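Chain A is the first sequence line, chain B the second, and so forth, proteins listed ahead of strands; every chain is numbered from 1. This is a predicted model, so every value here is computed, not measured.
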Protein chains: 2
Amino acid sequence: MRNALKIGELAKHTGCDVATIRYYEQAGLLPKPARSDGNFRLYGDSQVERLALIRRCRSLDMTLLEIRTLLRFCDAPERNCGDVNALLEEHISHVADRIAELRRLEKELKNLRRLCQDTQAAKHCGILEGLSKGAAGSRRRKALVGHVHRAHAPRRKAKSA
Amino acid sequence: MRNALKIGELAKHTGCDVATIRYYEQAGLLPKPARSDGNFRLYGDSQVERLALIRRCRSLDMTLLEIRTLLRFCDAPERNCGDVNALLEEHISHVADRIAELRRLEKELKNLRRLCQDTQAAKHCGILEGLSKGAAGSRRRKALVGHVHRAHAPRRKAKSA
DNA sequence: AGAAACCCTCTAGTTACTCTAGAGTCAAGA
DNA sequence: TCTTGACTCTAGAGTAACTAGAGGGTTTCT
């Protein structure tokens with residue numbers, strides 16, 4: 001194999017963490033690579049491209065499941081454009097839904113904040129009041145209380161490259 | 001204790017799953033409740049209110065950590081409105097950030113989709129091309145490739161009540 | 001009395017990583 | 001040649017916020 005990269009080099013090329021690369025391998029997104037005499041992973045150009053594609057899809061917030069599906073299309077000899085298109089469509093609608101939901105949320109939160117500014121001088125906090133009453137200054141609260149899909153992931157600190 | 005509810009009744013009152021209530025207890029958001037002779041959990045009115053507050057905050061997409069903090073303020077004899085306000089402010093800015101990010105994302109995805117519609121008749125899929133080239137029809141790609149905070153949670157199916 | 005509906009604890013699984021421990025490999029400098 | 005340091009290996013545990021299941025006990029209804 002010409003131009004073989006060790007995992008750390010591949011990581012630098014793609015801006016992907018070393019541990020994440022190993023994780024993708026284990027998750028079946030990257031094929032098991034060749035190994036050096038000392039059992040180090042060795043990657044060729046096609047793996048670099050494949051990983052770049054994966055990272056790009058992740059940056060578009062696709063799940064690994066979606067990406068796995070996409071890669072199957074890629075690997076198929078006759079690429080089926082329709083399937084890819086459908087996958088993308090569905091992902092776009094996920095994103096649009098989430099945006100709409102967050103906008104509702106933002107509005108409610110701002111209502112809540114106003115409650116506090118209004119009664120800043122008072123003995124008890126308007127926000128806490130608003131939260132326990134559950135109204136937050138609006139009438140239509142039911143929609144949010146139910147089983148709306150939500151992102152529950154932690155907000156992590158950005159780590160500088 | 002008058003008006004004591006079993007866990008299933010509390011669940012119905014608050015629209016919260018039974019297992020989730022037990023989880024909140026274990027996570028320290030709800031105090032350990034009284035028990036019946038048969039070792040069933042028994043809840044009073046204050047617990048109902050507390051759980052409702054928690055669920056409301058979750059519906060506003062706050063993390064359990066944020067909610068724990070909020071509850072400490074609630075439990076404090078002298079409620080500190082400033083702290084509550086700060087917590088809310090920060091949460092609002094989290095939400096706003098996420099919205100902005102998703103909007104960028106949506107735009108990129110739509111660019112990508114256009115690529116396919118443009119070359120529908122061609123032998124190879126424009127989307128896959130676009131994804132591997134990494135450009136998706138735009139120049140400023142760097143911003144998204146880095147370490148932007150993202151929600152990685154699965155999209156779950158909504159379960160009807 | 002027996003069945004259905006409820007409750008209990010404990011464990012493991014989910015996503016997409018991240019981090020650690022404990023060990024092995026490799027290239028350069030003293 | 002030895003050593004130091006940077007890199008790599010595997011395996012396992014931890015993260016958030018639950019959800020699902022096993023294998024039992026309790027209550028309620030008929």
Side-chain angles (χ1 to χ4, degrees), chain A residues 4-30 32-43 51 54-55 57-69 94 98 146-159, chain B residues 4-12 14-30 32-43 51 54-55 57-69 94 98 147-159:
Chain A
L5 302 175
K6 279 189 289 181
I7 198 167
E9 294 162 335
L10 176 60
K12 242 167 254 166
H13 271 261
T14 52
C16 181
D17 195 79
V18 166
T20 305
I21 297 175
R22 283 194 280 252
Y23 172 74
Y24 287 161
E25 177 185 331
Q26 196 233 272
L29 293 173
L30 290 173
K32 301 209 176 256
R35 296 289 184 136
S36 73
D37 286 354
N39 199 33
F40 287 10
R41 288 171 177 82
L42 295 178
Y43 297 94
L51 180 55
I54 293 170
R55 291 311 287 175
C57 290
R58 286 296 295 128
S59 83
L60 294 173
D61 231 17
M62 293 186 198
T63 64
L64 295 194
L65 194 64
E66 288 173 311
I67 298 173
R68 224 189 317 267
T69 305
H94 285 323
R98 182 82 182 122
H147 303 275
V148 186
H149 105 256
R150 258 197 312 271
H152 290 295
R155 283 185 288 270
R156 31 193 122 212
K157 300 273 177 258
K159 214 168 80 189
Chain B
L5 302 175
K6 280 189 289 182
I7 197 168
E9 295 161 336
L10 176 59
K12 241 167 256 168
T14 53
C16 181
D17 194 80
V18 166
T20 304
I21 296 174
R22 283 194 280 252
Y23 172 74
Y24 287 160
E25 177 185 331
Q26 197 233 272
L29 292 173
L30 290 172
K32 301 206 177 258
R35 297 286 184 137
S36 72
D37 287 352
N39 200 32
F40 287 11
R41 288 171 177 81
L42 296 178
Y43 298 93
L51 179 54
I54 292 171
R55 291 310 288 174
C57 290
R58 287 294 296 128
S59 83
L60 295 173
D61 230 17
M62 293 186 197
T63 65
L64 294 193
L65 194 64
E66 287 174 310
I67 298 172
R68 226 189 314 270
T69 305
H94 285 323
R98 182 82 182 123
H147 304 273
V148 186
H149 105 256
R150 258 196 311 272
H152 290 295
R155 283 185 287 272
R156 28 192 127 214
K157 301 271 177 260
K159 214 168 81 189

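Comparing B:K6 and B:Y24, the nucleotide of DNA chain D nearest to each residue sits closer to the 5' end for B:Y24. Along DNA chain D, the nucleotide closest to A:R35 and the one closest to B:L64 are compared, and the more 5′ of them pairs with A:R35.
Among the nucleotides D:dC18, C:dA16, D:dT8, the one closest to any side-chain atom of A:T63 is C:dA16. The side chain of A:A19 sits closest to C:dT18 out of D:dC9, D:dC18, C:dT18. Residue A:R58 places its side chain closer to C:dA16 than to any other of D:dC7, D:dA17, C:dA16. Of the listed nucleotides (D:dC9, C:dC7, C:dC17), C:dC7 has the atom at the smallest distance from the side chain of B:I7. Of the listed nucleotides (C:dC7, C:dC26, C:dC17), C:dC26 has the atom at the smallest distance from the side chain of A:S36. Taking every side-chain heavy atom of A:V18 into account, D:dT8 is the closest of C:dC6, D:dC18, D:dT8. Residue A:F40 places its side chain closer to C:dT25 than to any other of C:dT18, C:dT25, C:dC8. Closest to the side chain of B:R55, out of D:dT26, D:dC18, D:dT8, is D:dC18.
Between A:R41 and D:dT8 there is no side-chain polar atom (N or O) within less than 4.0 angstrom of OP1 or OP2. OP1 or OP2 of D:dC9 sits under 4.0 Å from a side-chain N or O of A:R22.
Straight-line distance from the CG atom of B:L10 to the P atom of C:dC6: 15 Å, rounded to whole Å. At whole-Å resolution of the value, CZ in B:R68 and P in D:dC18 are 11 Å apart. Distance A:L65 CG to C:dG13 P: 18 Å, rounded to the nearest Å. Taking atom OH of A:Y23 as the reference point, atom C1' of C:dC19 lies 15 Å away to the nearest angstrom. To the nearest angstrom, C1' of C:dT9 lies 12 Å from NZ of B:K32. Atom P of nucleotide D:dG24 and atom CG of B:N39 are separated by 17 Å, given to the nearest angstrom. When rounded to the nearest whole Å, the span between CD of A:E25 and P of D:dT8 equals 14 Å. Computed from coordinates, the B:Q26 CD to D:dA17 C1' distance equals 11 Å when rounded to whole Å.
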Practice problem: Decide side chain to side chain contact (heavy atoms under 4.5 Å, CB included) for A:R55 and A:T20; before the verdict, give the C-alpha distance in whole Å, the side-chain angles of both, and the deciding distance to 0.1 Å. | Solution: CA-CA 10 Å; A:R55 291 311 287 175; A:T20 305; 3.9 Å; yes
Quiz item: Could you go step by step and tell me if B:L51 and B:Y43 meet the side chain to side chain contact (heavy atoms under 4.5 Å, CB included) rule?
Solution: CA-CA 10 Å; B:L51 179 54; B:Y43 298 93; over 6 Å; no
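Distance check, rounded to the nearest 0.5 Å: NZ of B:K32 to CG of B:L30 gives 11.0 Å.
With hydrogens and angles ignored, the 3.5 Å screen pairs a side-chain donor or acceptor of B:E9 with a backbone N or O of B:K6. In this structure, the side chain of A:R68 engages the main chain of A:A27 through a donor-acceptor pair within 3.5 Å.
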